Amino acid sequence: AARRAVGAHAFFGLLEAYNTSIFLMARTFGIGLADADFAQERASRQTQRQRAARRNGRFCRVAMRHNRLDAVLYEWAHRRFCERLERVGLLSDAGVQRELGRHRLCSDADLSDAEVVCSVYD
C-alpha cells in the first residue's frame, strides 16, 4: 500500500539529494529555477550524542532491524527516484552524480541491507 501511495505521486524527492530533487521537480513540472531554490532554510541541530549514534555500526544495525519495512520502502522509492531522473535526462549530469554519490544513491548498493548501509560505520 505504501508503494502504491508513493508511486502515485507525480513527484517526490529525497532529502539526501535535495538539489537533485529540486532539479527533478523543475523538470517534472516545467518550473524555472533561481538560486534561492537551493538555499538551506534551517540548520541541522544534532547533538554530539546524535551525531555519534549515526556513525555507530552497531546502533545502525539495530535501527535498521527495528525499521526494516521503512528501509525496504526507502530502497524501493529511491529506485523510482533514480528511474525518474533517468527518464528526464538528469541522471548523467555531473552535479547530480556528485550529490547522489555522497549517499550511494542510484548505485548498486541495496540501501535496505543493514550490512551495506551500516558497514561504513565499522
Side-chain angles (χ1 to χ4, degrees):
R3 287 179 180 176
R4 275 193 310 278
V6 171
H9 287 81
F11 167 79
F12 62 86
L14 301 177
L15 185 58
E16 299 84 357
Y18 178 79
N19 289 347
T20 298
S21 295
I22 296 296
F23 287 135
L24 179 57
M25 180 183 66
R27 288 271 176 97
T28 300
F29 298 116
I31 299 169
L33 297 174
D35 289 343
D37 295 320
F38 299 94
Q40 183 176 357
E41 293 188 12
R42 63 183 171 95
S44 175
R45 300 236 193 284
Q46 289 183 338
T47 66
Q48 186 176 7
R49 186 175 184 178
Q50 287 170 318
R51 282 190 298 276
R54 287 179 53 114
R55 293 180 176 89
N56 179 302
R58 194 174 112 255
F59 176 82
C60 177
R61 285 176 184 83
V62 169
M64 291 281 293
R65 186 171 54 250
H66 287 284
N67 296 286
R68 179 79 184 127
L69 293 177
D70 289 337
V72 170
L73 178 61
Y74 180 82
E75 171 63 16
W76 177 87
H78 132 257
R79 295 297 169 188
R80 301 303 75 75
F81 179 78
C82 300
E83 289 169 3
R84 290 175 179 191
L85 289 173
E86 178 73 40
R87 192 169 36 240
V88 300
L90 284 171
L91 193 55
S92 60
D93 179 85
V96 166
Q97 282 296 309
R98 248 187 326 279
E99 186 173 50
L100 297 175
R102 284 194 293 270
H103 297 283
R104 297 184 293 172
L105 298 170
C106 304
S107 71
D108 291 337
D110 178 351
L111 301 180
S112 67
D113 182 335
E115 287 308 311
V116 169
V117 173
C118 301
S119 65
V120 299
Y121 305 119
D122 292 332

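Since this is a predicted model, take the numbers as computed values, not measurements.
Shown here for Leu33 and Phe23, the closest heavy-atom pair between the two residues is CD1-CD2, 3.5 Å. The shortest heavy-atom contact between Met64 and Cys118 is CG-SG, 3.8 Å. In plain terms, the two heavy atoms of Gln97 and Leu91 that are nearest each other are NE2-O, 2.5 Å. In plain terms, the two heavy atoms of Gly13 and Ser21 that are nearest each other are CA-OG, 3.3 Å.
A side-chain donor-acceptor contact under 3.5 Å links His9 to the backbone of Ala5. Remark: the backbone N or O of Val117 is not paired with any side-chain donor or acceptor of Arg61 at under 3.5 angstrom. Under the 3.5 Å distance criterion, the side-chain polar atoms of Glu75 are matched with a main-chain donor or acceptor of Leu111. Judged by distance alone, the side chain of Glu99 and the main-chain N or O of Thr20 form a donor-acceptor pair under 3.5 Å. Of the possible polar contacts, one joining the Asn56 side chain to the Phe59 backbone as a donor-acceptor pair under 3.5 Å is found.
Between Phe11 and Phe29, the ring planes are perpendicular. Angles over 60° get that label, and only those under 30° would be called parallel.
Around atom CZ of Arg80, more than 12 heavy atoms belonging to other residues, nucleotides or ligands sit under 6.0 Å away. Around the CD1 atom of Ile31, the shell of radius 6.0 Å holds more than 12 heavy atoms that belong to other residues, nucleotides or ligands.
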Problem - Worked verdict on Leu24 versus Val88 for side-chain contact (heavy atoms from CB on, under 4.5 Å) - result: CA-CA 8 Å; Leu24 179 57; Val88 300; 3.7 Å; yes

Problem - Intermediate values then yes/no, side-chain contact (heavy atoms from CB on, under 4.5 Å), Tyr74 and Leu14 - result: CA-CA 9 Å; Tyr74 180 82; Leu14 301 177; 4.0 Å; yes

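For Arg79 and Glu83, the salt-bridge test fails: no basic side-chain N is under 4.0 Å from an acidic carboxylate O.
Of the options Leu69, Asp70, Val72, a side-chain contact (heavy atoms from CB on, under 4.5 Å) to Ser112 is made by Val72 and by none of the others.
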